[in-house]
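Both ligands and their constituent atoms are indexed starting at 1 by order of listing.
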Amino acid sequence: MTEKIKTSKETAARWERTYKTNPVTSLPWEEGSPSSYLIELIESGVEKPGPVLDICTGSGNNAIYLAQRGYSCHAVDISPTAISIAREKAAKAGTVCDFKVGDVLNLDFPNDMFGLVFDRGCFHNFSPEQRSAFISEIYRVLKLGGLYQLNSFSKKGHDWGGPPYGFSPADIRKLFRSSFEILWIKEISIGGGASGQFFLSALMKKATRD
Ligand SMILES: C[S@@+](CC[C@H](N)C(=O)[O-])C[C@H]1O[C@@H](n2cnc3c(N)ncnc32)[C@H](O)[C@@H]1O
């Protein structure tokens, strides 16, 4: 049997150090509130309440929102400190979510469990060699027809290599098209265009594999 690719101990330790040594509010990705991309998706009514997974949840803003909206919420992050911050926040908000320390490349969930996997700032951390393991795990835990919402850096204004990596819509199509039906891809300017950087947001649906 081939060994599953896992995130290296060094990378996991680096993320943990980041959360241990910095106040969470100082982290550049921390919004302190749910992502507008997630709110838009949920308010569109596209996914009915059921089991959902927030990958690389960080301090849990998006997972908590999903729990508040009536979804059966599950969330993973590789940093134990991030997970304890998320658990505390959820308790303060009076919400219930299953927050787990775990590696996205080796998820501790059964096949076909989720109707939605939400990703803000997760996929773009993985190297080219790790991407097919990442896509296989997301594919495995989603039910057929389940949705994957990807929010990553775009290549526009982010072309220094990585991690984190930037992607073009064509890159995303090439990487995901054999397993997912791509419903849409958008490039959205960060900070109203002043930064010259873009985020790439995509919605795709688990399909039967080519
Ligand atoms: C850019 S932050 C995004 C956090 C959160 N999604 C948000 O929008 O605020 C990336 C997160 O990915 C987590 N992470 C990195 N590699 C991971 C892995 N292999 N498995 C699970 N989480 C991981 C980090 O600990 C960090 O919390």
Side-chain angles (χ1 to χ4, degrees), residues 3-42 52-67 71 73-90 93 97-109 114 116-141 148-154 158 162-167 188 190-191 195 197-202:
E3 270 281 294
K4 268 196 177 182
I5 292 189
K6 293 183 189 150
T7 298
S8 70
K9 284 199 175 113
E10 293 72 27
T11 303
R14 186 170 49 76
W15 283 110
E16 174 59 1
R17 231 176 8 256
T18 300
Y19 282 98
K20 264 228 145 107
T21 54
N22 300 286
V24 72
T25 48
S26 73
L27 299 175
W29 55 83
E30 173 62 30
E31 293 195 307
S33 56
S35 155
S36 55
Y37 313 136
L38 178 63
I39 296 176
E40 210 176 291
L41 177 74
I42 296 304
V52 294
L53 175 65
D54 182 27
I55 50 173
C56 298
T57 190
S59 76
N61 300 314
N62 296 306
I64 292 167
Y65 169 76
L66 286 164
Y71 292 85
C73 164
H74 300 262
V76 287
D77 199 283
I78 207 152
S79 157
T81 299
I83 288 296
S84 50
I85 295 169
R87 284 185 182 140
E88 251 174 58
K89 265 197 197 178
C97 180
D98 161 37
F99 283 107
K100 280 189 193 185
V101 177
D103 182 358
V104 171
L105 299 183
N106 193 21
L107 287 168
D108 185 17
F109 295 107
F114 298 107
L116 169 69
V117 172
F118 181 74
D119 168 349
R120 177 175 178 270
C122 192
F123 178 65
H124 70 194
N125 298 308
F126 294 93
S127 66
E129 301 71 43
Q130 293 173 313
R131 286 178 196 152
S132 68
F134 177 101
I135 294 168
S136 291
E137 273 303 81
I138 302 309
Y139 187 87
R140 183 182 69 73
V141 299
Y148 170 51
Q149 193 185 5
L150 164 70
N151 298 287
S152 72
F153 279 118
S154 151
H158 186 114
Y165 299 86
F167 301 93
I188 303 158
I190 300 175
S195 66
Q197 285 201 0
F198 285 76
F199 236 45
L200 185 145
S201 189

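Within ligand 1, counting atoms from 1 as listed, the ones closer than 4.0 Å to a heavy atom of Thr7 are 19 (N). Counting the atoms of ligand 1 from 1 in the order shown, those under 4.0 Å from a heavy atom of Gly102 are 20 (N), 21 (C). Near Phe126, the atoms of ligand 1 lying under 4.0 angstrom from a non-hydrogen atom of the residue are 18 (C), 19 (N). Which parts of ligand 1 touch Tyr19 is read off a 4.0 Å heavy-atom cut-off, strictly below it: atoms 25 (O), 26 (C), 27 (O).
Put simply, the side chain of Tyr148 reaches to within 4.5 Å of the side chain of Ile55, judged on heavy atoms.
Remark: distances from the non-hydrogen atoms of Val76 to ligand 1 are all 4.0 Å or more. Heavy-atom separations between Leu105 and ligand 1 are all 4.0 Å or longer. Residue contacts with ligand 1 include Asp103, since one of its heavy atoms falls under 4.0 Å from the ligand. Not close to ligand 1: Pro164, with no non-hydrogen atom less than 4.0 angstrom away.
Geometrically, Lys89 does not engage Phe99 in a cation-pi contact, judged by NZ or CZ lying under 6.0 Å from the ring centre and within 45° of the ring axis.
Here the protein heavy atom with the shortest distance to atom 15 (C) of ligand 1 is Trp15 NE1, 3.2 Å. In terms of protein heavy atoms, atom 22 (N) of ligand 1 is closest to Ile78 N, 3.1 Å. If you check which protein heavy atom lies closest to atom 6 (N) of ligand 1, you get Cys56 O, 2.6 Å. For atom 9 (O) of ligand 1, the nearest protein heavy atom (residue, atom name, distance) is Arg120 NH1, 3.2 Å. Nearest protein heavy-atom contact of atom 13 (C) of ligand 1 is Asp77 OD2, 3.3 Å.
Closest heavy-atom contact between Val101 and Ile78: CG1-O, 3.9 Å.
Of the polar atoms of Glu30, none of the N or O atoms is found under 3.5 Å from an N or O of ligand 1, judged by distance alone. Ligand 1 has no N or O atom lying under 3.5 Å from any N or O atom of Gly121, backbone or side chain. Of the N or O atoms in Asn61, none lie within a sub-3.5 Å distance of an N or O in ligand 1. Looking at ligand 1, you won't find any N or O of Ser79 less than 3.5 Å from one of its N or O atoms. Taking any N or O of Val104, backbone or side chain, at least one lies under 3.5 Å from an N or O belonging to ligand 1. Looking at ligand 1, you won't find any N or O of Ile55 less than 3.5 Å from one of its N or O atoms.
Side-chain atoms of Asn61 and Ser33 include no donor-acceptor pair closer than 3.5 Å. No side-chain donor-acceptor contact under 3.5 Å links Thr25 and Glu30.
Remark: the backbone N or O of Leu38 is not paired with any side-chain donor or acceptor of Arg120 at under 3.5 angstrom. A donor-acceptor pair is defined here as one N or O able to donate and one able to accept, closer than 3.5 Å; such a pair exists between the side chain of Asn151 and the backbone of Asp119. Counting only distance, with no hydrogens or angles, the side chain of Asp103 and the backbone of Thr7 share a donor-acceptor pair below 3.5 Å. Between the side chain of Gln149 and the backbone N or O of Ser201 there is no donor-acceptor pair closer than 3.5 Å.
Contact annotation for Thr57 and ligand 1: only backbone heavy atoms (N, CA, C, O) come within less than 4.0 Å of the ligand.
Proximity of the aromatic rings of Phe153 and Phe167 is defined here by a centroid distance below 6.0 angstrom, and this criterion is not met.
With sequence neighbours left out, the side chain to side chain donor-acceptor pair (under 3.5 Å) criterion links Asn22 to no other residue. For the side chain to side chain donor-acceptor pair (under 3.5 Å) test, residues two or more places apart in sequence or in another chain that qualify with Gln130 are Ser127.
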